Amino acid sequence: MNKNIFYILLFLATFISCTNNKNTETFFGGKIINPKSRHVVLYSMKNVIDTLKLDARNKFINKYKGLNEGLYYFVHGVENQYIYIEPKDSLMLRLNTWDFDESLVYTGKGAERNNILIDCFLENENDNRFFYTLNELKPNAYKKKVDSILAIRLQTYNSYITEHPNETEGYKKILKTALTFPIYSHMESYPIEHVKYKRLKSFPKIDAAFYDYRKKIDLNSDSLMYYTPYAEYIRNYLYNITYSLGHKPMMKNYSSKFTMDLLSTINSKIDSEDSKNAFLKRTVLDHFYKKSSCNINENTFQSFFEYSSNKEDKELIKKLLSDNKTLKKGTKLEGFPILDFTNHEIEIEEIIKDKKTVLYFWNPEYVSRNYIASKFKYFKNNYKNIQFLIVKIDGNNKDQINRIDIKDQYFINVENPANSFLTSKMPRTILINKNGIVENGFASISSPKIYTQLRELNKN
């Protein structure tokens, strides 16, 4: 460990010594062990700040003038992590992608504040199982346990601030959020988790004092909305508030009425236009895909169109609705080719002939390769009578997923007739019987319902 730190500091010093303006510049760099790609991307909220290429030794570094203080995050491969940067910082990271978060360590100016944020993240990850067991407790007993944990977290915060009196107000806000908001998130999700744990049919009665912490929370902090502890809290809060309107617990699927009430809750509780639009979009898409079906309630989407002010989001949802009206159950799937990785075209009728088939169209903008590979490995192992075909939307012969047999992978280009039912470019799963007839035109591999649907297809 000491050798690694020394090596990184030496590496940093080499670059810093090359500039005469080191007191006015901010440095960010590091080393990636077992890299998953050849670059690291630095973001501020949703905006790309820089794409840093790895050199032959898997190192990267850049310097920045005028970089504002605040919360950033970097992405490598399919993983990401947050980083708090202040002007004149000289931050270096070192991580091993085989153990991404656990191996991540910072050195240089600004390192200590970021290392404690990583410690907070890892502690919260480790605490999830413990909080799960707490869900068996009744409300008063649960709150007593959680209050004791919260007191320890606040003691950690106060100790750090006392020992580091020069930390900025911006960082103090992030640190307190990292320490306390995961606890608040658990409290918001407690009613539904308690019901699941105890297999009950109704929510426990909870005193208003249970949620006293809400009085201290700003629901409209734009600077925190892209920070996972804060965003997850807001999401859990919105769902809990919506349940409190009189809805019964829902385990597998949200009713259309619940979705409409949730959209209304978002509209009334979130003032920030960008944040409101983001939550509205995420909700309507999440609930649509959970249904794993072409059957939808138009009123739900009308509520989305009424509340959202984002034109791009509205256009995306309109295209999704248009796609949803195509390839209904009972439709014969035909009329377009798919290409294999030798650029050979195969008519869809030929490849699905006499075979029960799952046809999954994917787009890396909405789903990761690792997620697809994990899901389809499980599907192939458990549903032996079905062929699973993965088709990249607007792809080419270099868009393969390494962990999936290349014989099961295909792509379509932008001129392909299949784009007529993929106008949104969003993932689409089509279940087809051995006669080439669509059984489900808009299934979803992320829905709990998919397992029942595949079992039915597998045995018919």
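For clarity, every value in this text was computed on a predicted model and none was experimentally measured.
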Quick one: do Lys59 and Asp55 make a salt bridge, cutoff under 4.0 Å?
-> no
So, are Lys380 and Asp408 salt-bridged, with charged N and O less than 4.0 Å apart?
-> yes
Taken to the nearest 0.5 Å, the spacing of Glu334 CD from Ile352 CD1 works out to 9.0 Å
Got a second to check how far Leu262's CG is from Phe279's CZ, nearest 0.5 Å?
-> 10.0 Å
Heavy-atom nearest pair, Ser256 first then Asn297, reads OG-CB, 3.2 Å
Atom of Tyr289, atom of Ser447 and distance for their closest heavy-atom approach = O-CB, 3.4 Å
Taking atom NZ of Lys375 as the centre, report whether more than 12 heavy atoms of other residues, nucleotides or ligands fall under 6.0 Å from it.
-> yes
Are any non-hydrogen side-chain atoms of Leu67 and Phe28 less than 4.5 angstrom apart?
-> no
Test side chain to side chain contact (heavy atoms under 4.5 Å, CB included) applied to Cys120 and Leu175, step by step = CA-CA 9 Å; Cys120 291; Leu175 179 58; 4.2 Å; yes
Starting at NZ of Lys319, measure out to CG of Asp323 and round the result to the nearest 0.5 Å.
-> 9.0 Å
Would a line drawn from the ring center of Phe131 to the ring center of Tyr190 be shorter than 6.0 Å?
-> no
Criterion side-chain hydrogen bond (donor to acceptor under 3.5 Å, both in side chains) on Thr242 and Thr265, from CA distance to verdict | CA-CA 7 Å; Thr242 304; Thr265 300; 3.1 Å; yes
Taking the six-membered ring for Trp and the single ring otherwise, decide whether the centroids of Phe288 and Phe442 are under 6.0 Å apart.
-> yes
Can you tell if the side chain of Lys459 reaches within under 4.5 Å of the side chain of Asn385, non-hydrogen atoms only?
-> no
Check the pair Tyr227, Tyr82 against ring pair (Phe, Tyr, Trp, His ring centres under 6.0 Å), reporting the backbone distance first and the verdict last.
-> CA-CA 8 Å; Tyr227 190 37; Tyr82 293 95; 4.8 Å; yes
Are Asp89 and Arg113 within salt-bridge range, i.e. N to O under 4.0 Å?
-> yes
Would the Phe304 and Phe301 ring centres measure less than 6.0 Å apart?
-> no
Does Lys329 NZ have over 12 foreign heavy atoms under 6.0 Å away?
-> no
side-chain hydrogen bond (donor to acceptor under 3.5 Å, both in side chains) assessment of Asn419 paired with Lys425 = CA-CA 8 Å; Asn419 286 294; Lys425 306 299 182 184; 2.9 Å; yes
To the nearest 0.5 Å, tell me how far Gln409 CD sits from Asn402 CG.
-> 8.0 Å
For the pair Asp340 and Thr342, evaluate side-chain hydrogen bond (donor to acceptor under 3.5 Å, both in side chains) and give the outcome as yes or no after the intermediate values.
-> CA-CA 5 Å; Asp340 65 20; Thr342 67; 2.7 Å; yes
Side-chain donor-acceptor pair under 3.5 Å between Glu232 and Ser185, yes or no?
-> no
Which atom pair, heavy atoms only, marks the closest approach of Ser293 to Asn295?
-> OG-N, 3.0 Å
Would you check if Asn397 and Leu339 make a side-chain contact, meaning some heavy-atom pair closer than 4.5 Å?
-> no
When you check the gap from the basic side-chain N to the acidic O, do Glu79 and Lys36 get nearer than 4.0 Å?
-> no
Glu188 and Tyr233: side-chain hydrogen bond (donor to acceptor under 3.5 Å, both in side chains), yes or no, with the steps?
-> CA-CA 8 Å; Glu188 294 292 347; Tyr233 168 77; 3.0 Å; yes
Flag if over 12 foreign heavy atoms under 6.0 Å of NZ, Lys325 = no
Looking at the rings of Phe361 and Phe421, which for Trp means the six-membered one, are their centres under 6.0 Å apart?
-> yes
Are any of the side-chain nitrogens in Lys257 or Asp261 under 4.0 Å away from the carboxylate oxygens of its partner?
-> yes
Output field: ring centroids Phe60/Phe74 closer than 6.0 Å | no
Please say whether the positively charged group of Arg455, taken as NZ for Lys or CZ for Arg, lies over the ring of Tyr451, i.e. under 6.0 angstrom from the six-membered ring centre and within 45 degrees of the axis.
-> no
Among side-chain atoms of Tyr84 and Glu69, is any donor-acceptor pair under 3.5 angstrom?
-> yes
Spacing of OH belonging to Tyr230 relative to OG1 belonging to Thr180, to within rounding of 0.5 Å = 11.5 Å
Please report the closest heavy-atom contact between Lys276 and Ile270, naming both atoms and the distance.
-> CE-O, 2.7 Å
